[in-house]
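Right, one structure below, let's go through it.
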Amino acid sequence: MTPGLHLWGRRSVSPTRRSARRPLARRRVPRAAALALLLVSATACSADEWSRGGLPGAITKQAETVQNLWNGSWIAALATGVVVWGLILWSVAFHRKKKNSKDELPPQVRYNLPIEILYTVVPIIMVGVFFYFTARDQNYVNAMTGQAPVKVKVEGFQWSWRFTTEYNGKKVEVVGKPVSDYTQGPQLMLPVNQKVEFDLVSPDVIHSFWVPAFHFKRDVIPGVENKFEVDTLDKPAVYAGRCAELCGTDHSRMLFNVKLVPQAEFDQYIASQAGAQ
């Protein structure tokens, strides 16, 4: 071959061509990071909201327990995900099919007793840990002392709520009607730093008593008295509530609100409203 033909046969690679052949991952990582930053910014969530994992702020001790269980579950799930994703990426990177190699399977772990024991024992331990913390927190949330000074009978009906609050031998009843905004619905006033007992009943169909800031909800079932207790925190404000069970035509308008107030204000409210309805 002549020198001229030899030079003509070579393929010249320009700097632009070389830069275009960078590894695909190296080009996509900055884009993925930018997209992740954009998604985080688009949610407009504060650091406190991120630490709660999307849940609203807790207003009871029971809600704080649910929050801790929620956060722990996410941490465990993400840790497991990191391990699984790492093994997948490691396999993709180091067990790719080599050029000019035969169509043979890579070394298998079948009948490898230590690895198979690991595959079995680790998931059992994980499930056991999840079960322990879930059962422990569930028992705490469902615990009933029967000594709550404030008792609230919640009656869900189509399509609103009736709240009968009993405190110091006095009763206050609030009856609502279907509304389009929770601030216009019936208001349940509760004192801060106090134990409150709820008794849920329904005369018609199944409803669900849900205050998102409680971090759990309870079904309101005809013929069944469903009870629970909460210990309110010192966070006076007005919180939204709604029916969380599809119960009929105006289900979406079955809204109410819970107002946490200082003890003195609650005492005044009971004294002024008792027997006034």
How far does CD1 of I115 sit from OG1 of T120, to the nearest 0.5 angstrom? 12.0 Å

Would you find a donor on one side and an acceptor on the other, under 3.5 Å apart, between the side chain of Q158 and the backbone of C247? yes

Would you give the length of the straight line joining atom NE2 of H215 to atom CG of N68, rounded to the nearest 0.5 angstrom? 10.5 Å

Nearest-0.5 Å distance, CE of residue M189 to CG of residue L260: 10.0 Å

Does CD in E116 sit with more than 12 non-hydrogen atoms of other residues, nucleotides or ligands closer than 6.0 Å? yes

Hey, does L78 have a side-chain heavy atom less than 4.5 Å from the side chain of T80? no

The criterion is ring-ring contact (aromatic ring centres under 6.0 Å, His included); which residues satisfy it with F216, sequence neighbours excluded? F228

Residue pair F266, V150: steps toward the side-chain contact (heavy atoms from CB on, under 4.5 Å) verdict: CA-CA 11 Å; F266 180 74; V150 181; 4.2 Å; yes

Would you call the rings of W70 and W74 parallel, tilted or perpendicular if under 30° counts as parallel and over 60° as perpendicular? perpendicular

Determine the minimum heavy-atom distance between V175 and F157, stating which atoms define it. CG1-CZ, 4.1 Å

Looking only at non-hydrogen atoms, find the nearest pair between A63 and A213 and report the distance. CB-O, 3.6 Å

Closest approach of L233 and A58, non-hydrogen atoms and distance? CD1-O, 3.9 Å

For residues V84 and V92: do they belong to one hydrophobic cluster (side chain heavy atoms under 4.5 Å, members Ile, Leu, Val, Met, Phe, Trp, Tyr)? yes

Please report the interatomic distance CG(D250) to CG(L255), rounded to the nearest 0.5 Å. 10.5 Å

Decide yes or no on side-chain contact (heavy atoms from CB on, under 4.5 Å) for Y140 and K61, but give the supporting numbers first. CA-CA 10 Å; Y140 171 69; K61 292 182 180 179; 3.6 Å; yes

Is there side-chain contact between S160 and P186, with at least one heavy-atom pair below 4.5 Å? yes

With a 3.5 Å distance limit and no angle check, can you tell me whether T232 reaches the backbone of T60 through a side-chain donor-acceptor pair? no

Who are the side chain to side chain donor-acceptor pair (under 3.5 Å) partners of D204, not counting sequence neighbours? S202, H207

Is there a chain of hydrophobic side chains (I, L, V, M, F, W, Y, each step under 4.5 Å between heavy atoms) that links V141 to F133? no

Could you check whether any side-chain N or O of D181 sits under 3.5 Å from a backbone N or O of T183, counting only pairs where one atom can act as donor and the other as acceptor? yes

Only one of Y239, F163, Y182 passes ring pair (Phe, Tyr, Trp, His ring centres under 6.0 Å) with F256, and that residue is F163

Going by atom types only, do D267 and Q263 share a side-chain donor-acceptor pair under 3.5 Å? yes

Report the distance from atom CZ of R242 to atom CH2 of W161, rounding to the nearest 0.5 Å. 11.0 Å

Over all heavy atoms of both residues, which pair between V152 and T165 is shortest? Give the atoms and the distance, please. CG2-OG1, 4.0 Å

For a quick check under 3.5 Å, do D231 and Q194 share a side-chain donor-acceptor pair by atom type? no

Under 4.5 Å between any side-chain heavy atoms of W159 and V205, yes or no? no

Are the side chains of Y269 and V261 in touch, meaning some heavy atoms are under 4.5 Å apart? no

With the 4.5 Å side-chain cut-off for hydrophobic clustering, are V230 and V220 part of the same group? yes

To check you understand the geometry: which heavy-atom pair defines the closest contact between A240 and V211, and what is its length? O-CG1, 3.6 Å

Quick one: do V174 and V196 end up in the same hydrophobic cluster if we chain Ile, Leu, Val, Met, Phe, Trp and Tyr together by side-chain heavy atoms under 4.5 Å apart? yes

Backbone of E245 reached by a side-chain donor or acceptor of S208 within 3.5 Å: no

As a quick check of understanding, evaluate side-chain contact (heavy atoms from CB on, under 4.5 Å) for L69 and T134, giving each step before the final call. CA-CA 7 Å; L69 180 63; T134 302; 4.1 Å; yes

I'd like to check L200 versus F198 (side-chain heavy atoms, cut-off strictly below 4.5 Å). Are they in contact? yes

Considering non-hydrogen atoms only, spot the tightest contact between R253 and S180 and give its length. NE-N, 4.5 Å

Would you please name every residue forming a salt bridge (charged side-chain N to carboxylate O under 4.0 Å, His left out) with K151, sequence neighbours left out? E197

Should V121 and V129 be regarded as members of a common hydrophobic cluster, given that ILVMFWY residues are connected when their side-chain heavy atoms come within less than 4.5 Å of each other, either directly or indirectly? yes

K153 bridged to D199 by N-O distance under 4.0 Å: no

Verdict with reasoning, C243 to W210, per side-chain contact (heavy atoms from CB on, under 4.5 Å): CA-CA 6 Å; C243 176; W210 183 35; over 6 Å; no

Return yes if some donor-acceptor pair links the side-chain N/O of E173 with the main-chain N/O of R162 below 3.5 Å, else return no. no

Nearest 0.5 angstrom please: I206 CD1 to N226 CG, how far? 11.0 Å

Side chains of V258 and L190 in contact at under 4.5 Å (non-hydrogen atoms): yes

